[in-house]
> 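Here it is: the structure, laid out below.
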Amino acid sequence: MTALTVSLALVATVALLLRWQRPAWYWMSFGVVFAVVRILARYASVMDACGLTIPPSRWRLALARMTGRPIPDSRAPRILRLRPTRTGLILRLKLRPGQDAFDFSAASDRLRHSFVMQNVTAREIRSGVVALRMTGYDVLKRVQMPAATRCGVMRVPVAMREDGEVYYRDYRQTPHALNVGATQSGKSVYQRNLVAALAPLRVAMVGIDCKQGVELAPLARRFTALADNPDAAADLLDALVEHMEDVYQLIRAEQRLSADLPDAEITADIWDLPDHLRPTPIVLLVDEVAELALYATKEEEKRRDRIITSLVRLAQLGRAAGIYLEICGQRFGSELGKGITMLRAQLTGRTAHRVNDETSAGMAFGDISPDAVLATIQIRTDRPGTAVAGDSSGGWVRIRTPHLTLRRAVNIANSHTHRTPEIPALDAFRPVLPPLGKAEAPSTATAPAIA
C-alpha cells in the first residue's frame, strides 16, 4: 500500500511539474486522456446546457404517448470522430436537422468553459458537418514551431495560431499585406521571422528601411536591393516599376495565343512561364511606411507623391509580375496624405499587433471585421509578438511569432547569401558589404528546417 501511495504521489508530482514547465509534454502524456474522458462524460449535458440540442420530433412524441413511455430527451449532435492532436483535440460532429454551424461558433466560449479547454473554435467542414478544434493549453504563451511544416512555392511559416495550427504567409494567395503595431509590439520580430523563412527560397528580397537601415541592414547579405533613406527609396521604387513593366513585356511575348493551344496553357503571370524564362519573384519589405509619407517642404512633398504613386502602382499591378508587398507601420490612416487609403485598399492581408488606441486597430480591420478590431485592442502588453491576422474576407485569428533574436536572424541570412539573386534593374541599389570572413561565417545549422 505504501509503494502504491508513493508511486501515485510521484506520478502526480511529475504531472504538475510538466504542466508548469512543459505544457506540451503534459498534454501529450496526461492532459489528452483527462480531456477525452471529460468531454465524453459531459457531452450530452453540455450540449443541452449550451442550447445545441433539438427537441424530439413529433412522431417520437406521438409514439411515446401511444406506448405510455416517458417523453424522449432532446438529441445532441452525433459525434463522428474525436482525434487528439499535438496541441488539443478535434471533435467532428454531425448536425441535427435545423442546426447551423453559426450556433456552434456563437457557443464556442461556453463550450470552452464547460469542457475546461484553453480555446474552442468551430469550422464547417461540409454541409451538415462541423469540426470543433479545441486547444488543451495556451500555445501562445511559449511559442514552439513544429520541426516540419507544409511549405510551398511562396508559402512560408511565420507564427503559431491560437488553435495550435501554423500560420503561413502565402504570397500567391494573399499577394500584399499590411502590418501595423505600436512600438515594442513585435513588428520587427515578425519581419525577422519572415526574412528567415524566405531566405532559403528562390526569391529576391528588396528592403526599404528609413531608420537608416537599423532593422534591415544587418540582414543585407540576403537582400538584392536596400534603401535606407526616402531619396534612395524613391529611386528604388521607380526601378521596381520599370522592372515590373519589363516583366509584363516578357509575359506578353510568351503568352502563346495560337489557336491550337489549350486555354489552360495561356499565361497571364510569371507562374505559367517556363522555368528558364520565369523571372525571380520579389518581396518588397517596407519598414515604417510613415517615414515615406511625411514631408515638411515642397521638395519633400513631390518626393512623397512620387513614392506613394509607385507603391500604389506596385500594389495594383505587381502581383502578376511576381512583386509582393509587405508594408509595416505604427499607423496607416488618411492623415498620412492622399493615396494612402488607395494603397491600403490593395493590401489584402492584415496583421495588427498591439496598438495604443482603437483608431489604429480600425485602420487595419475597421473596414472588414469589427470583431478583429476588438480583439486587437485586447492584446496584452506583456505578450510582444501577439497579433491578430486576417484578410479582406473578414476572417481573422490570433497569432504569435516565436522570438527570433537579431543575431540568429543574421546567421540565417548569411548562411543563405549564395541564394541572393541578381536583378540587373536593381544593381544600383545592391548593398555593398565587405566579404564574410571565416570567423564571421555562420554555420548553416543555425537555419530553421523548412520542410
Side-chain angles (χ1 to χ4, degrees), residues 18-20 22-43 46-47 49-52 77 79 81-93 101-125 129-146 149 157-168 186 351-354 365 369-391 394-402:
L18 287 178
R19 187 172 186 177
W20 179 37
R22 292 290 186 269
W25 296 2
Y26 169 80
W27 171 255
M28 294 301 295
S29 55
F30 298 98
V32 65
V33 178
F34 297 152
V36 169
V37 173
R38 186 168 56 244
I39 288 172
L40 294 179
R42 299 182 182 180
Y43 178 75
V46 167
M47 290 292 120
C50 293
L52 298 176
I79 298 177
R81 186 172 64 184
L82 180 60
R83 180 169 66 88
T85 66
R86 187 177 65 92
T87 58
L89 296 168
I90 298 179
L91 182 63
R92 186 168 292 191
L93 305 177
F102 178 76
D103 298 335
F104 292 85
S105 299
S108 60
D109 201 48
R110 285 176 287 169
L111 292 173
R112 175 175 70 89
H113 289 291
S114 301
F115 290 137
V116 195
M117 303 296 285
Q118 179 67 30
N119 183 59
V120 175
T121 57
R123 183 170 64 92
E124 181 179 340
I125 302 299
V129 178
V130 167
L132 298 180
R133 180 175 289 274
M134 306 180 184
T135 307
Y137 60 96
D138 189 358
V139 297
L140 301 185
K141 183 178 181 180
R142 185 183 301 167
V143 178
Q144 295 179 340
M145 300 290 285
T149 53
V158 293
M160 181 68 74
R161 295 164 37 133
E162 66 175 343
D163 60 2
E165 291 291 297
V166 176
Y167 175 74
Y168 293 91
T351 303
H353 291 75
R354 178 182 55 80
F365 292 111
S369 177
D371 292 339
V373 174
L374 181 62
T376 300
I377 62 178
Q378 292 176 343
I379 295 176
R380 292 157 45 183
T381 57
D382 61 345
R383 284 203 173 183
T386 304
V388 174
D391 53 44
W396 61 275
V397 65
R398 288 185 185 87
I399 64 171
R400 192 180 187 189
T401 51

> The test is side chain to side chain contact (heavy atoms under 4.5 Å, CB included); show your working for M28 and R22 and say whether it passes.
CA-CA 10 Å; M28 294 301 295; R22 292 290 186 269; over 6 Å; no
> Between Y43 and F115, what is the ring plane arrangement, given parallel below 30°, perpendicular above 60°, and tilted in between?
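If you compare the ring of Y43 with that of F115, the planes turn out parallel.
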> Considering all heavy atoms of both residues, which atom of L89 and which atom of T85 are nearest to each other, and what is their separation?
N-OG1, 3.9 Å
> Is the backbone N or O of R81 less than 3.5 Å from a side-chain atom of R92, with the two atoms forming a donor-acceptor pair by type?
no
> How long is the gap from CG on L93 to CG on L132, to the nearest 0.5 Å?
5.0 Å
> Can you see which heavy atom on I79 is nearest to which on L91, and at what distance?
CG2-CD1, 3.7 Å
> Carefully, step by step, assess V397 and T121 under the rule side chain to side chain contact (heavy atoms under 4.5 Å, CB included).
CA-CA 10 Å; V397 65; T121 57; over 6 Å; no
> Check the pair R398, N119 against side chain to side chain contact (heavy atoms under 4.5 Å, CB included), reporting the backbone distance first and the verdict last.
CA-CA 11 Å; R398 288 185 185 87; N119 183 59; 5.8 Å; no
> Side-chain contact test, heavy atoms from C-beta onward, threshold under 4.5 Å: evaluate it for K141 versus R383 and give yes or no.
yes
> Look at the side chain of R354 and the backbone N and O of G385, then say whether any donor-acceptor pair between them is shorter than 3.5 Å.
no
> Considering all heavy atoms of both residues, which atom of F365 and which atom of A352 are nearest to each other, and what is their separation?
CE1-CB, 3.5 Å
> If you count every heavy atom of other residues, nucleotides or ligands that lies below 6.0 Å from Q144 atom CD, does the total exceed 12?
no
> What heavy-atom pair brings G164 and R86 nearest, and what distance separates the two atoms?
O-NH2, 4.4 Å
> If you measure from SG on C50 to CG on D103, what distance do you get to the nearest 0.5 Å?
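Going from SG on C50 over to CG on D103, the span is 11.5 Å.
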> If I take atom CZ from residue R161 and atom OH from residue Y168, how far apart are they, to the nearest 0.5 angstrom?
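Answer rounded to 0.5 Å: 10.5 Å.
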> Under 4.0 Å between a side-chain nitrogen and a carboxylate oxygen: does that hold for R123 and D163?
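The answer is no: the pair does not qualify as a salt bridge.
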> Are T87 and W27 side-chain neighbours, meaning at least one heavy-atom pair lies under 4.5 Å?
no
> Side chains of H353 and P384: closer than 4.5 Å at any heavy-atom pair?
no
> Would V116 and R42 count as a side chain to side chain contact (heavy atoms under 4.5 Å, CB included) if you check the C-alpha gap in whole Å, the side-chain angles of each, and the deciding distance to 0.1 Å?
CA-CA 11 Å; V116 195; R42 299 182 182 180; 3.5 Å; yes
> Taking the side chain as everything from C-beta on, heavy atoms only, tell me whether L52 gets closer than 4.5 Å to L111.
yes
> Rounded to the nearest 0.5 Å, how far apart are OG of S105 and CD of E124?
9.5 Å
> For a quick test of reading the model, state the closest non-hydrogen atom pair linking A387 to T351 and the distance between them.
CB-CG2, 3.8 Å
> In the structure I gave you, are the side-chain heavy atoms of P23 and D138 within less than 4.5 Å of one another anywhere?
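The answer is no; the side chains never approach within 4.5 Å.
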> Can you give me the closest heavy-atom contact between G136 and Q118, atom names plus distance?
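Smallest heavy-atom distance, with atoms named: C-CB, 4.1 Å.
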